[in-house]
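Have a look at the structure below, then the notes.
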Amino acid sequence: MGNDPTPTTFRRRALLAAAAGGATMLAVPFRALAGAPETTGTSGTAASGLPPLAPLPPGAPDRTLFAPLEQRFAGYLAILPAMTNDISDTTNRGFMGGGWWRSPNAPYNARVQEHVYTLSWFHANQRPWNPYAGDAALAGRLDAALGHYLGLQHDDGSWPEYNRTEHALAATGFGLGYLAKTLANLRQSAALPQRRTEIERALRAGTGWLLDPANGIWDTPVEWTNQVAGGLAGAALALRLDPDAALSARLTERIGFLAEHGMSPAGFFYDPTGMDINYNFEVMLPELAEIYLLTGDRAVLGMARRFTEWFGYNLLREPDGSGFLTYYAMSARTSVAYYDNVVPDPDRTNLGSVFVPDLPELGAFFTSREDRAATRAAWAAEPGPAPGLAKQDTSPRIIAHAPYGEMLPSDAEKERAIAALPYLRRPEFAQVRRDDTFNQDYLYVRRPKLYFGAFFGTRPTSTVRSGPGFLWHPAAGTIVHAQQTDTGCWSTLLPNGNPDGRSNLVAEYRIGDREWDGTSLSPGSAPVRVRYRLPDSRITTELTVTRDSVIRSVRVTSTGTEQIPLVLHPEDVVTFADGTPVAYGANAAASTDGLTIRRGAAVVTVSWDSVRRATVTGTSRTYLRDARRRVHTLRVPHDGRIEVRIALS
C-alpha cells in the first residue's frame with residue numbers, strides 16, 4: 001500500500017462516496033448510488049420536430065472555468081452541439097449520425113449510441129462552464145437517441161454491432177455501463193421518467209444475458225476479456241441502481257470465473273488468444289478498476305496483481321526518463337509502441353490508478369500526481385477556448401470514468417515503482433513465461449549489460465511477429481525494437497521477402513550446458529541458448545544470449561537477409577566498420593563486416609562473419625513525444641549462412 005496507511009476498503013468507499021456526490025472530487029452523476037430521492041420530471045419530446053441544440057457562446061469552452069479533474073470534459077463540450085444536432089429527426093429517428101463514434105456509423109450499430117451517456121451528463125450537471133444543464137433541446141434529442149438505442153435491443157437482452165441480427169458482446173457489455181450511468185444521470189436530473197423505466201428494463205435484460213453461464217462468451221478460456229470486464233462493470237453499476245439478489249450472486253460468481261479463466265498463466269489478459277499492450281492496460285485494467293470500486297471483490301485485485309508483474313517485463317524504461325517503449329511486436333491487435341512518462345488528459349488509463357495504493361509497483365506506468373497537476377495547470381493557462389475532439393476520437397469512457405477520480409502515484413512513489421521493475425531490480429535472470437493452452441512462450445533474459453525478450457510458439461493473430469523482440473542496455477536504453485511489419489521485425493528474410501517472424505517458430509531451450517524447460521526463474525549468468533526454426537525448417541536459428549551479447553547463427557535452405565530494427569538517437573555516432581558514416585534518419589550502405597553505435601559512454605557493435613553488402617534504411621517511425629528515437633533498419637544479405645553478434649559495452 002506504499003506510504004498510505006488508510007485501509008483499502010475505506011479508500012475504495014471514499015472514492016465511491018466522492019463519486020456519489022462528494023464536494024472535494026467531482027459532483028458527478030452517481031448520486032443515485034447514495035440514494036438520492038426520485039422526483040418526477042419532463043417526459044419525452046414529441047414524435048417529430050426536434051429543436052436543435054444552441055451553439056456554444058463565443059469563447060467557450062473557457063479553460064479557466066474548469067476544475068482540474070474536469071478539464072477532460074472540455075473537448076466533449078466543444079463538440080456537444082454538433083454531435084447532438086447530428087441525431088436524426090427523420091429516418092431512423094434518434095440515430096446518432098455524423099460519424100462521431102464507432103464504425104460502421106450505421107443505424108444498426110448500437111455502439112454508435114453510447115454517447116447518450118455524454119448527452120445525459122451535460123444535461124444533468126450544472127457547472128459554470130456548462131450552458132446545457134437542464135436544456136430542453138438537449139433532453140429532447142437525448143430522448144430520441146435513447147429510443148433508438150433501446151429499440152435495437154434483442155429479446156434476449158443483447159445488442160448488435162456489425163449487423164442488425166448480431167448478438168454482440170462488445171455492444172452489450174459496454175452498453176450496460178453507458179446505459180447504467182445514463183440512468184443515474186436521468187435520476188439525478190429527474191428527467192425523462194418514461195425512458196428511465198425503459199432503461200431499467202433494458203438493463204435487467206442485458207445483465208441477465210451477460211451473466212448467463214450458458215452464454216458462449218463464457219467459453220473457456222474467456223477470449224474477449226476487456227469486453228466481458230466492461231459488461232461486468234456495467235452490470236455491477238446497474239445492480240447498485242436496481243438491486244437484485246439473484247443477479248448480484250451471479251455477478252460475484254462470474255467475476256471469479258473471469259479471474260480463473262480470463263488470464264494467461266503468463267500474466268496477461270486474453271485478447272483474444274494472446275496479449276495486447278493497449279487493450280490490456282488502457283481498456284481492461286480500467287474496467288477491472290471500476291468493478292473493484294463497485295464490488296470490492298478481491299479476485300479482481302488478484303487479477304490486477306498478476307498483470308502488474310507481467311507488464312513490468314514488457315515495458316522498457318528509457319534511461320533519460322522520457323518514457324517506456326513497449327514490447328508491442330507481440331501485441332495481438334494494436335500497435336501502441338510507447339508510453340510517455342507524462343501523459344496529459346484525456347488519458348484513458350486514469351481509472352486503472354485505483355489499484356496503485358494496493359499495488360504500488362503499478363505506479364511505474366502512470367503519470368505522477370505532480371506531473372499531472374503541472375500539465376493541467378499548463379492547459380488552463382493556454383490562450384483561447386479548448387478545442388473539440390476529432391471524430392472517432394471521442395471515446396465516452398474518458399468522461400464516464402472521470403467521476404470516480406484517480407489515485408495517481410507521487411513522484412517518489414513512481415520512482416520507487418520504476419526501480420522495482422524486474423529487469424531493473426535484478427541484474428541477472430532468465431525466464432520463459434508460458435501459456436500451454438495456446439502454445440506460446442515469452443522469453444526474458446537479463447544480464448548485466450543487456451535485457452532481451454523474444455516470443456516463440458503459436459502466434460495469436462497475424463499481427464504478431466515472432467522471434468527476438470527487443471534488446472535494451474542499462475545506459476543506452478532500447479537498441480533493437482521489433483516492429484509488427486514484415487519490413488521491420490527482427491528476423492531472417494527469405495528471397496521473397498517473407499520473414500521467419502511471420503510464422504509460428506518452434507523453439508527449444510538450453511541454459512548453460514543443460515536442457516531447460518524455461519518455466520523456472522534462472523538467476524545465474526550462464527548463457528541462454530534457443531534453437532528455433534520454421535515448421536518446415538527452411539530457416540533454423542541458434543540464438544545465444546551471454547552476459548554482454550546476443551548472437552544469432554542462421555541457416556537457410558536458400559539465400560537470405562538478416563534484418564535488425566535499430567533505434568537510433570540524433571546524437572548517436574554510427575559508422576560501418578569500414579568507416580562509412582550512417583546519418584540519423586538517412587539511408588547508408590557499405591561492403592563491410594560490422595556497424596558501431598556510440599551513444600554517450602555506451603558502445604554497441606553489430607558484427608557479422610564476413611564482408612557483405614549491408615544497408616541501413618532510415619524510417620519515419622519515431623518514439624515518444626520528443627520524437628528523438630527513430631527506427632533504422634539494418635539488412636545484411638547472405639548466401640544462406642551467417643552469424644550476427646550484437647555486443648554491448
Side-chain angles (χ1 to χ4, degrees), residues 1-4 267-268 275 277-278 280-282 285-286 289 304-328 336-344 347 349-375 406-429 431 433 442 444-453 469-479 481 521 523 567 569 599-600 602 623-626 628-629 648:
M1 296 187 184
N3 295 326
D4 189 348
F268 56 81
M275 66 84 64
I277 294 287
N278 178 355
N280 274 205
F281 183 52
E282 299 186 37
L285 193 68
R305 178 176 288 109
R306 296 195 298 275
F307 170 74
T308 299
E309 183 194 6
W310 157 262
F311 211 46
Y313 284 94
N314 294 288
L315 264 66
L316 311 171
R317 185 70 177 176
E318 287 297 280
D320 64 0
S322 56
F324 293 95
L325 272 59
T326 76
Y327 186 6
Y328 86 106
V336 172
Y338 61 86
Y339 287 109
D340 283 288
N341 189 57
V342 179
V343 179
D347 175 3
T349 71
N350 265 11
L351 190 58
S353 67
V354 161
F355 290 117
V356 169
D358 288 293
L359 307 173
E361 295 86 356
L362 188 60
F365 314 117
F366 288 96
T367 299
S368 72
R369 290 197 298 268
E370 292 89 343
D371 282 336
R372 182 58 56 81
T375 60
E406 58 195 24
M407 302 188 79
L408 299 171
S410 68
D411 281 339
E413 290 166 342
K414 178 171 179 172
E415 288 305 312
R416 286 196 295 271
I418 290 170
L421 292 171
Y423 59 91
L424 293 178
R425 184 175 74 250
R426 299 195 301 268
E428 294 187 277
F429 63 79
Q431 184 179 37
R433 301 179 74 93
Y442 301 85
Y444 305 95
V445 181
R446 178 70 162 98
R447 293 295 181 254
K449 294 183 180 180
L450 63 86
Y451 179 46
F452 170 84
F470 66 80
L471 180 61
W472 174 94
H473 181 272
T478 305
I479 300 295
H481 193 241
L521 184 67
V567 179
H569 297 200
R599 181 174 302 166
Y623 295 136
L624 301 170
R625 189 176 295 112
D626 61 18
R628 295 183 61 257
R629 293 154 181 82
L648 300 97

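- Residues Thr375 and Val342 are in side-chain contact: their nearest non-hydrogen atoms beyond the backbone lie under 4.5 Å apart.
- You'll find the side chain of Arg447 reaches within 4.5 Å of the side chain of Glu428, heavy atoms only.
- Between Glu318 and Thr478, the side chains place a donor N or O and an acceptor N or O closer than 3.5 Å (distance only, hydrogens not considered).
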Determine, stepwise, if the pair Phe311 / Asn280 fulfils side chain to side chain contact (heavy atoms under 4.5 Å, CB included). CA-CA 9 Å; Phe311 211 46; Asn280 274 205; 5.5 Å; no
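- Of all the heavy atoms in Asn278 and Tyr339, the pair that sits closest is CA-OH, 4.0 Å.
- In this structure a side-chain-to-backbone donor-acceptor pair under 3.5 Å is missing from Lys449 to His473.
- Within the 3.5 Å criterion, the main-chain N or O of Leu315 finds no donor-acceptor partner in the side chain of Thr326.
- Judged by distance alone, with hydrogens and angles left aside, the side-chain atoms of Arg599 form a donor-acceptor pair with the main-chain N or O of Ala476 at under 3.5 Å.
- Between Ala417 and Ala364 the shortest heavy-atom distance is CB-N, 3.3 Å.
- One distance of note links OH of Tyr623 with NE2 of His569; it measures 11.0 Å at 0.5 Å rounding.
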For a side chain to side chain donor-acceptor pair (under 3.5 Å) check, start with the C-alpha distance between Asn341 and Ser322, then their side-chain angles and the critical distance, and finish with the verdict. CA-CA 5 Å; Asn341 189 57; Ser322 56; over 6 Å; no
So Leu285 and Thr349, side chain to side chain contact (heavy atoms under 4.5 Å, CB included) or not? Walk me through it. CA-CA 8 Å; Leu285 193 68; Thr349 71; over 6 Å; no
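- Looking only at side-chain heavy atoms (C-beta outward), Glu282 and Asp347 stay at 4.5 Å or farther from each other.
- With hydrogens and angles ignored, the 3.5 Å screen pairs a side-chain donor or acceptor of Asp340 with a backbone N or O of Arg625.
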Working for side chain to side chain contact (heavy atoms under 4.5 Å, CB included), residues Leu624 and Leu325: CA-CA 8 Å; Leu624 301 170; Leu325 272 59; 4.2 Å; yes
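- Note on ring orientation: taking the six-membered ring where Trp is involved, the planes of Trp472 and Tyr423 are perpendicular (angle over 60°, cut-offs 30° and 60°).
- Looking at Tyr313, Phe470, Phe268 one by one, the single match for ring-ring contact (aromatic ring centres under 6.0 Å, His included) with Tyr442 turns out to be Phe268.
- Under the 4.0 Å criterion applied to side-chain N and carboxylate O atoms, Glu361 and Arg416 are not assigned as salt-bridge partners.
- In this structure, a donor-acceptor pair under 3.5 Å is present between the side chains of Asn314 and Tyr444.
- Between Arg305 and Asp358 there is no salt bridge, since no side-chain N of the basic residue sits under 4.0 Å from a carboxylate O of the acidic one.
- When atom types are taken as modelled, the side chain of Arg425 and the backbone of Ala420 share a donor-acceptor pair closer than 3.5 angstrom.
- A pairwise comparison of heavy atoms in Pro474 and Pro319 identifies O-CG, 3.5 Å as the closest pair.
- Between Val336 and Tyr328, the closest side-chain pair of non-hydrogen atoms is not below 4.5 Å.
- Judged by distance alone, the side chain of Ser410 and the main-chain N or O of Glu413 form a donor-acceptor pair under 3.5 Å.
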With salt bridge (charged side-chain N to carboxylate O under 4.0 Å, His left out) as the criterion, how do Glu370 and Lys414 come out once you've worked through the C-alpha distance, each side chain's angles and the decisive distance to 0.1 Å? CA-CA 11 Å; Glu370 292 89 343; Lys414 178 171 179 172; over 6 Å; no
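- Relative to the ring axis of Phe324, Arg317 places its NZ or CZ within 45° and under 6.0 Å from the centre.
- Remark: side-chain polar atoms of Arg369 are paired, donor with acceptor, to backbone N or O of Leu408 under 3.5 angstrom.
- Proximity of Ile479 to Leu450: side-chain heavy atoms (C-beta onward) are nowhere separated by under 4.5 Å.
- Across Leu421 and Phe365, no two heavy atoms sit closer than the pair CD2-CZ, 3.7 Å.
- No donor-acceptor contact under 3.5 angstrom links the side chains of Tyr327 and His481, judged on distance only.
- Residues Thr367 and Pro409 approach most closely at O-CD, 3.8 Å, considering heavy atoms.
- By the 4.0 Å N-to-carboxylate-O rule, Arg629 lies close enough to Asp320 to be salt-bridged with it.
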Give the intermediate values and the outcome of side chain to side chain contact (heavy atoms under 4.5 Å, CB included) for residues Phe355 and Leu362. CA-CA 7 Å; Phe355 290 117; Leu362 188 60; 3.7 Å; yes
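- In terms of modelled atom types and a separation under 3.5 Å, the side chain of Ser353 and the main chain of Met407 share a donor-acceptor contact.
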